[in-house]
Amino acid sequence: IVSGSEGRIEKAQNIAQLLSSRGYICLAIAYFGLEGLPQNLERIPIECLEEAKDFLYHHPQVDNTKIGIYGRSKGAELVLAGQSILDDVQCLVLNSPSNVIFEGIKGKLNSNSSSWTYLQKELPYQKFQLGDYLLNKFFGKHIPEDSRAQIDVSKISSPLLLLGSDVDEIWNASSAIDDIISHYKGESILFKKYHETGHMLTVAYQPNHRYRKDWCLLMKESVDSWLVTINFFDTHLKNL
């Protein structure tokens, strides 16, 4: 389980605990922001995913032919980028994903470097341009994507579940889902788009007051997204 740009591990642990209650052996990982890890979200080695999978692969209680990854927000970007290179797990759940690699963050500023590295080399990234962001935020102008920063989804064969909102205040997860679907050539892909959940879509019954006022629909969508996640993992990881 890999969470987002907030760093540390608490949200990943929350998701892992809930999945554990469904019978899964889960490993929540942090990739920055804790002692012994990079302090900023920049130049993070995607090999951290390999280390986590290797730990599970050799765990005596794990069926190492059935390992999945859940990534949300920046963690979904990490997972998608990593699997476009490694493609070595049985299924992926990507919550509020990005189809491109964005520039890293140093403190509260852009880092002038990639978020991720592989074999100590930075992966190509989309630079943050304040002018483009403001035009998009206030006038809805499309931000052009740097083709070099696009994640090569065509190299991923594992089944995918994509979850996102068509109103996302951080990045355009809906457009990213469309792009991932259009380039995917693997075994199976499912997606769900919601209207009230926004970027903070996580698990059931987790409202956020920054969003609109249809609380009944927000709760319904959050429950649906969690049930879809459980059903997807059960389909691809459990011997039913």
Side-chain angles (χ1 to χ4, degrees), residues 1-9 11-12 15 27-56 67-89 91-129 132-133 143-158 160 162-164 168 170-173 175-177 179-180 183-184 186 199:
I1 317 293
V2 190
S3 193
S5 61
E6 71 278 356
R8 301 179 61 84
I9 201 170
K11 286 187 178 179
I15 297 167
L27 177 64
I29 68 169
Y31 49 94
F32 80 103
L34 292 178
E35 183 178 352
L37 295 175
Q39 290 306 297
N40 295 298
L41 207 175
E42 58 171 342
R43 301 188 184 94
I44 306 296
I46 66 170
E47 286 89 344
C48 65
L49 295 179
E50 290 187 280
E51 294 173 3
K53 288 179 288 185
D54 187 64
F55 175 84
L56 287 174
I67 295 177
I69 308 179
Y70 179 109
R72 71 163 309 276
S73 186
K74 195 67 177 178
E77 180 189 311
L78 167 60
V79 170
L80 192 65
Q83 287 305 292
S84 72
I85 297 171
L86 305 169
D87 193 29
D88 59 354
V89 295
C91 65
L92 307 171
V93 174
L94 304 178
N95 181 336
S96 302
S98 169
N99 61 311
V100 301
I101 295 172
F102 284 108
E103 186 172 359
I105 304 170
K106 190 171 185 177
K108 295 184 178 180
L109 303 174
N110 47 313
S111 67
N112 296 311
S113 61
S114 181
S115 297
W116 322 115
T117 67
Y118 182 61
L119 299 178
Q120 300 182 333
K121 294 182 178 180
E122 288 188 34
L123 300 183
Y125 65 95
Q126 173 112 9
K127 292 181 178 292
F128 175 78
Q129 303 288 348
D132 287 342
Y133 173 79
I143 298 176
E145 291 182 354
D146 186 337
S147 60
R148 296 169 299 177
Q150 286 189 316
I151 299 169
D152 191 354
V153 177
S154 68
K155 294 183 178 179
I156 298 175
S157 62
S158 304
L160 290 181
L162 307 172
L163 303 170
D168 189 309
I170 302 300
W171 57 38
N172 194 337
S175 176
I177 288 172
D179 184 81
I180 292 168
H183 290 92
Y184 178 75
H199 192 78

Output, in order, the C-alpha distance, side-chain angles, deciding distance and verdict of side chain to side chain contact (heavy atoms under 4.5 Å, CB included) for L80 and I156.
-> CA-CA 8 Å; L80 192 65; I156 298 175; 3.5 Å; yes
Cut-off 3.5 Å, no hydrogens considered: what does the side-chain donor-acceptor table look like for residues 29-41, sequence neighbours left out?
unit_1, atom_1, unit_2, atom_2, d
Y31, OH, S3, O, 2.9
Y31, OH, G4, O, 3.1
Q39, NE2, L34, O, 3.2
Q39, NE2, L37, O, 3.1
N40, OD1, G107, N, 3.0

Closest approach of P97 and I177, non-hydrogen atoms and distance?
-> CG-CG1, 4.0 Å
Apply the test side chain to side chain contact (heavy atoms under 4.5 Å, CB included) to residues N95 and I15: give CA-CA distance (whole Å), side-chain angles for both, the deciding distance (0.1 Å), then the verdict.
-> CA-CA 12 Å; N95 181 336; I15 297 167; over 6 Å; no
Compare every heavy atom of G71 with every heavy atom of A76, then report the nearest pair and how far apart it is.
-> CB-O, 3.4 Å
Between H199 and W171, how do the two ring planes meet: parallel, tilted or perpendicular, split at 30° and 60°?
-> perpendicular
State whether the side chain of R72 and the backbone N or O of V93 hold a donor-acceptor pair below 3.5 Å, judged by distance alone.
-> no
Heavy-atom nearest pair, D152 first then S84, reads O-CB, 3.4 Å
Rounded to the nearest 0.5 Å, how far does CD1 of I44 lie from OG of S113?
-> 9.0 Å
Donor-acceptor contact below 3.5 Å, side chain D168 vs main chain I170 | yes
Here the gap from L49 atom CG to Y118 atom OH, rounded to the nearest 0.5 Å, amounts to 11.0 Å
Any donor-acceptor pair under 3.5 Å from S158 side chain to V89 backbone = yes
Would a distance-only check, ignoring hydrogens and angles, find a side-chain to backbone donor-acceptor pair under 3.5 Å from S115 to F102?
-> yes
In this structure, NZ of K127 is separated from OG of S114 (nearest 0.5 Å) by 10.0 Å
Option among E77, E42, E122 that satisfies the side chain to side chain donor-acceptor pair (under 3.5 Å) test with W116 | E77
Of all heavy-atom pairs linking E47 and L119, the shortest is OE2-N, 2.8 Å
Side-chain donor/acceptor of S98 to backbone N/O of V100, under 3.5 Å = yes
What one should report as the nearest heavy-atom pair of C48 and L78 is SG-CD2, 4.3 Å
Between the CG atom in L123 and the CD1 atom in I101, the distance rounded to the nearest 0.5 Å is 4.5 Å
Spacing of K53 atom NZ and L27 atom CG [to the nearest 0.5 Å] | 12.0 Å
Quick one: OG on S96 to NZ on K74, what's the gap to the nearest 0.5 Å?
-> 13.5 Å
Backbone N or O of N99 within a donor-acceptor pair of the Q150 side chain at under 3.5 Å?
-> no
